[in-house]
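Worksheet for the structure shown next.
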Amino acid sequence: MADFAPFDLCISSIAGHNADKAMVNGDGAHEHTGEAELKQHGNGEADAEEESNEQEVIVIQDTGFTVKIQAPGTEPFDLQVSPQEMVQEIHQVLMDREDTCHRTCFSLQLDGNVLDNFAELKSIEGLQEGSLLKVVEEPYTVREARIHVRHIRDLLKSLDPSDAYNGVDCNSLSFLSIFTDGDLGDSGKRKKKGNDLEQIDCTPPEHILPGSKERPLVPLQPQNKDWKPMQCLKVLTMSGWNPPPGNRKMHGDLMYLYIVTVEERHVSVTASTRGFYLNQSTTYSFNPKPANPSFLSHSLVELLSQISPAFKKNFTALQKKRVQRHPFERIATPFQVYSWTAPQVDHAMDCVRAEDAYTSRLGYEEHIPGQTRDWNEELQTTRELPRKNLPERLLRERAIFKVHSDFAAAATRGAMAVIDGNVMAINPGEETRMQMFIWNNIFFSLGFDVRDHYRELGGDAAAHAAPTNDLNGVRAYGAVDVEGLYTLGTVVVDYRGYRVTAQSIIPGILEREQEQSVIYGSIDFGKTVVSHSKYLELLEKTSRPLKVQRHNVLNEKNETVELCSSVECKGIIGNDGRHYILDLLRTFPPDLNFLPVDGEELPPESQRQGFPRQHRHRLACLRQELIEAFVEHRYLLFMKMAALQLMQQKANKDSNKTETPAITATSETSTESTSPLEGKELEESIPGLAQAKELAETLVAEDGSDPKSREVVLNACKAVGSISNTSFDIRFNPDIFSPGVRFPDNSVDEVQKQKQLLKDAAAFLVSCQIPSLIKDCLDHSALPMDGATLTEALHQRGINVRYLGTILEFVEKTPAKAQLEHIYRIGVSELITRCAKHIFKTYLQGVELSALSAAVSHFLNCFLSSFPDAVAHLPPDELVSRRKSRKRRNRVPGGGDNTAWASLTPSELWKNIASEAQSYYHYNIQCESVDQVVEKYSFQKTTLLREISIKTGIQILIKEYNFDSRHKPAFTEEDILNIFPVVKHVNPKASDAFHFFQSGQAKVQQGFLKEGCELINEALNLFNNVYGAMHVEICACLRLLARLNYIMGDHPEALSNQQKAALMSERVLGIEHPNTIQEYMHLALYCFANGQLSTALKLLYRARYLMLLVCGEDHPEMALLDSNIGLVLHGVMEYDLSLRFLENALNINTKYHGPRSLKVALSHHLVARVYESKAEFRSALQHEKEGYTIYKNQMGEAHEKTKESSDYLKYLTQQAVALQRTMNEIYKNGSNASIMPLKFTAPSMASVLEQLNIINGIIFIPLSQKDLENLKAEVHRRQQLQELGKSEEPTEESQLQLEDKIPID
């Protein structure tokens, strides 16, 4: 992996947005990415792990072989290939190699025979180790000529970041290479960065130091010197003379280009079947005859190199730079990532971009036979692929993932076109809110309540919530993946204040009326209902995993109809004969805390918190995660019940009484309402419960032949609300409390039971899930840093964001409120920015396109600027006046009074935010201006700006904003660069890879590092195979792998994997996402271990800058970061600087972990060590004593930590005494005193590294008594070695264990 072979590069081209080169079958791009990336991992790893894993592992690659390639004008070179590859992949490699990248139209020939592009190498006769493949130039067609021009354009733009700023073609930013000076790995050794401490400049910029109040924005995007454009051409564009007239077509002219070279030479070029040549046309006269000389060349690059020396020089330099970049900086991401800041980028002429903008197709689609893509057919066909064994499943999952990411891109583009008014409606006569659109075989509808469809459920608010609920339903049914049941491709796009739902189209649905086509479910919320046996059979398979109960409802004729879903869920058989289900908005049961129902009482836990509360709409439902957690909780309860009864039965045997114990009689809620810790207490209080539990488990597994055990199970089932009497089985009826749904009389009891279950689930959320979230935040197992990670933490526990107000109130009442300050601050900021987002949404709907930047900047001024009377700048008059006269009937959706937005004032906006917080979150913010809020909750305005920009898709100019000026507003319309869509879609999963990853994690937790490592490597291979090279889950995989490499002593490999993880995190999550900050911290540790100290510091400083921007200094994670920085600075002997960071870490640890925590003790020790190095022994002693006291109180006298601390205290005291003696000696005898040499030593790198490992939770934990003895001896040996100044890696055999689990979403 050391040398980046050309293979590495193969990835980038293949997965890049230039996927058009050879995308014939539409799903190539990701296929090759996987393969090429796998090659980096060598061919051996895939087959290492077969026996030990239960699943069938098929070796993905056979061993490769080498072929020779001979291209015109270059030396033959060797290429490593694998038998599975297609010939096409060799094409891709050649199009990416520095010396052959300018060719696109060629064939590969073996002994004069042309190879088929789509043949696998193993099927080609005579192709073997050492075969010579010739690259032969082929004649062009119009299609090939266009591909060629597009490819050259991509090569010219390959270092230009503008696509990443503009959020197109799945490009995104990455800045890691600026901080690592290019590549880590080997080059680090070449640059001799070892321990030459002299040249390291350690002083961080002022704004990074602890206590600094500035939060500059500009450093977020450091200037990359590679991006200084090396201009190769001034203009490359299609000529106005296209297409060639008939007589020229018959001479082989395909198209004409117009080019201006850097030397200001204007030329006109003909692309002909034989290649490219200069013709004699000018801008105004057409003369297609070849110029003299015509410089006919097969490649445009060869032609331009002959006519422009600057082109030749710069193009070569550009390609050199391009191939040196890490492939992960260039590969396209699967879904678009948008940047909320960007510099002012010059807008350059670009023929391909211009052409793309006006076609409805995506880049490479013109190369797919049969023009536009039938999205529905593609989405459904990939689902139908076979999945019997691993290779089949991989192929299927790869296809599903690829189609999904393409569909999401197309849907996003279409939704923007719809809102920008560029798509004709299919019902143009209706008013704008009611219009529907079709573009590129995708159906678009707006999130308004059009035909009073949702009138009873909350009108527009319900219509806005329905699409996301529906998407959650699609996600859930997609994950269950039942054969024969189909859902629609669904993407929800929020753009410019509108919510657009994009769906694939069921074949034939547009020709029929909805009434005829729906054969299952209801189109009027349950007034009329139909059912269908095939649908019941298919949905029955989803009933258990989704916990949906089969139930009966009444139709309009009072007949009983059986359903296995909510009534809104409609079944339609398409013209393709497939069974589709749509409108899955009520897949999960309603949330009664936000659905007041007359005559229904909620359990006391909910009532105490002020529930039920009125919500905007009646579609509030529980999350799938909550349902899972609730059922899990009930299962434990069920087991306990059964166990208790068994014990009582045992006890009763003696007295021959077998009455059922009273425990089941108590009402449902009493078991529920005990504290969330109830489980543990119950267990401790009853002796022998564990054995009884085992008994209970065997009993549940029995077939229930023994009447006594049957009775036990029956009672336990009743108590937990199971729908079956013989086994534990909880399911929900999603139609309970739906207005308009009626149930038959014979199911009254069942409905009553279901109602109780829903109430219990609502109470469970409030009484168990919210407290457990707070508990996790208190013990730092949940560490949100910004709004997005807080939301994620809520969602993982099944809590909806509408509970944010409740959570904040809970935090306010918690005794340990001070230790939750970071959660409180992030929570309030999230609540405020979400309220602002709600207001911004309606605000934008009234703005016409020409005033968009003025309106957005005005809103931001009202939201963030201290300037009290922000005045909006209306667009200049001469553009407005003429339009007033002729009102166009068909304005963009929403229309409205186009200048109403200008009257918004800061005080009015903040009033609205406060009332929105009250009405939506039931939370009270008493603040009338941004400055009061900042003061009250100690916010940072940059953080608020980041949060609101990310939530609404605003992109602003990166510069320093003066928010606090009272004389002029912070933003002008020039500062608003763009407005992006915010997109929600399904993320298809790589299931096999994920299982491998999980079993790898489990092995690691048990301490089997080697086995774990092999499993995770295998997972990485499979992930690459399904997702291509870039994905959030691959990121988690690489991070864990790096950590394992590190623990097993392979530092260079750890560095290489972590570098990939950090790059990938920047690309797929964003450059300042909290996960990216974590990746930077891990990378810094491994850099330090590899002796790259200055790089480690740069990375830590970058992480600190990002963390300050994202959440400010007051956050528990900052303590870890500052301890890292302090330790590295201590290692390079920057003691004063080191103390600033370590003392800050000490303060933060004390605040968030409590003054008696072991973390604080460790912090004291680290500070003491620096004071010792400075020979300030009094301060050192003071801190070490604090640490010693904590250890003694927490761990006891005998603990080795306490002993270590006491030894260190003794040593410090000796040093202090020695120093004092020396000083006295000097005072007494003046300069000729005989001075004892004092030991002032810089800490050894090994000891610094050891402390770094400790604070980063990399702890080597032995597993058995014998291991313990060995380890003690080992530690002793290492300490001796260390005194000699050598550090030795822990041996690989001793079984070690990771302390922390790596989260994966």
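Nothing fancy with the numbering, it's 1 onward along the sequence.
In this structure, E329 and S177 have side chains that are in contact, with non-hydrogen atoms separated by less than 4.5 Å. Annotation: side chain of Q324 is not in contact with side chain of Q319 (no heavy-atom distance under 4.5 Å). The shortest side-chain heavy-atom distance between E1117 and Q1078 falls under the 4.5 Å cut-off. A 4.5 Å side-chain heavy-atom check between E1079 and C1035 finds at least one atom pair inside the cut-off. Taking 4.5 Å as the limit, every side-chain heavy atom of L121 sits out of range of all side-chain heavy atoms of M86. Inter-residue side-chain proximity for W340 and L220 is flagged as met; some heavy-atom pair is nearer than 4.5 Å. Within the 4.5 Å cutoff, side-chain heavy atoms of I950 are placed close to those of E1072. Looking only at side-chain heavy atoms (C-beta outward), S949 and R946 stay at 4.5 Å or farther from each other.
No donor-acceptor pair under 3.5 Å is formed between the side chain of N1045 and the backbone N or O of M1048. Between the side chain of E1066 and the backbone N or O of L176, at least one donor-acceptor pair lies under 3.5 Å. Checking side-chain atoms of R398 against main-chain N and O of N1025 turns up a donor-acceptor pair under 3.5 Å. No donor-acceptor distance shorter than 3.5 angstrom exists from the side chain of S1065 to the backbone of A1062, with no hydrogens or angles considered. Side chain of D1050 to backbone of Y1046: no donor-acceptor contact under 3.5 angstrom is found. Looking only at distances, a side-chain donor or acceptor of H404 sits under 3.5 Å from a matching main-chain atom of I400. Counting only distance, with no hydrogens or angles, the side chain of Q336 and the backbone of N171 share a donor-acceptor pair below 3.5 Å. Remark: the backbone N or O of E1033 is not paired with any side-chain donor or acceptor of Y1027 at under 3.5 angstrom. At distances below 3.5 Å, at least one donor-acceptor pair connects side-chain atoms of Q221 with backbone N or O atoms of T341. Using a distance-only test at 3.5 Å, with no hydrogens or angles considered, no donor-acceptor pair links the side chain of Q1058 to the main chain of L1055.
Between F335 and H985, the ring center distance clears the sub-6.0 Å criterion. Here H102 and F315 keep their ring centres 6.0 angstrom or further from each other. No close placement of the F1023 and H1031 rings is indicated, their centers lying 6.0 Å or farther apart.
Nearest heavy atom pair, residue L977 against residue A342, reads CD1-O, 3.4 Å. Nearest heavy atom pair, residue G1070 against residue T1076, reads O-OG1, 2.8 Å. When all heavy atoms of A332 and M1030 are compared, the pair lying nearest together is O-CG, 3.9 Å. The two residues L1044 and G1012 have their closest heavy-atom pair at CD1-C, 4.4 Å. Closest of all the heavy-atom pairs between C232 and L156 is CB-CD2, 3.7 Å. Listed here is the closest heavy atom pair of R103 and V135: CD-CG1, 4.4 Å.
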Stepwise side chain to side chain contact (heavy atoms under 4.5 Å, CB included) check, M1064 with I1034: CA-CA 8 Å; M1064 197 176 298; I1034 299 182; 3.7 Å; yes
L1015 vs F997, side chain to side chain contact (heavy atoms under 4.5 Å, CB included): CA-CA, chis, key distance, verdict: CA-CA 7 Å; L1015 281 168; F997 184 69; over 6 Å; no
Derivation and outcome, side-chain hydrogen bond (donor to acceptor under 3.5 Å, both in side chains), residues Y1086 and N1057: CA-CA 10 Å; Y1086 308 153; N1057 279 325; over 6 Å; no
Worked verdict on R330 versus D96 for salt bridge (charged side-chain N to carboxylate O under 4.0 Å, His left out): CA-CA 12 Å; R330 316 189 272 145; D96 200 72; 3.7 Å; yes
Criterion side chain to side chain contact (heavy atoms under 4.5 Å, CB included) on I1016 and C1037, from CA distance to verdict: CA-CA 7 Å; I1016 286 162; C1037 209; 3.8 Å; yes
Side chain to side chain contact (heavy atoms under 4.5 Å, CB included) evaluation trace for V301 with L304: CA-CA 5 Å; V301 171; L304 293 168; 6.0 Å; no
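Annotation: the span from R325 atom CZ to S174 atom OG amounts to 8.0 Å, rounded to 0.5 Å. The CZ atom of R1104 sits 14.5 Å away from the CZ atom of R1102 when rounded to the nearest 0.5 Å. Between the CG atom in L79 and the CG atom in L133 there is a gap of 8.5 Å [rounded to 0.5 Å]. Expressed to the nearest 0.5 Å, how far CG of D992 lies from CG of N1021 amounts to 13.0 Å. For the atom pair CG (L318) and CD (Q231), the distance works out to 11.5 Å, reported to the nearest 0.5 Å. One finds the SG atom of C101 at 10.5 Å from the CG atom of L94 (value rounded to the nearest 0.5 Å).
By the 6.0 Å and 45° rule, R97 stacks over the aromatic ring of F77.
The aromatic rings of H207 and Y1105 lie perpendicular to each other, with more than 60° between the two planes, well past the 30° mark. Ring geometry, Y1080 versus F179: the interplanar angle exceeds 60°, so the pair is classed perpendicular (tilted spans 30 to 60°).
Salt-bridge formation is not detected for the pair E397/K989: no Lys NZ or Arg NE/NH1/NH2 atom is positioned less than 4.0 Å from an Asp or Glu carboxylate oxygen. Here R150 does not pair with D154 in a salt bridge; the nearest charged N to carboxylate O distance is not below 4.0 Å.
Residues S172 and R1067 bring a donor and an acceptor atom of their side chains to less than 3.5 Å of each other. Between the side chains of H148 and T104, at least one donor N or O lies within less than 3.5 Å of an accepting N or O. There is a side-chain donor-acceptor pair under 3.5 Å between N1124 and N1256.
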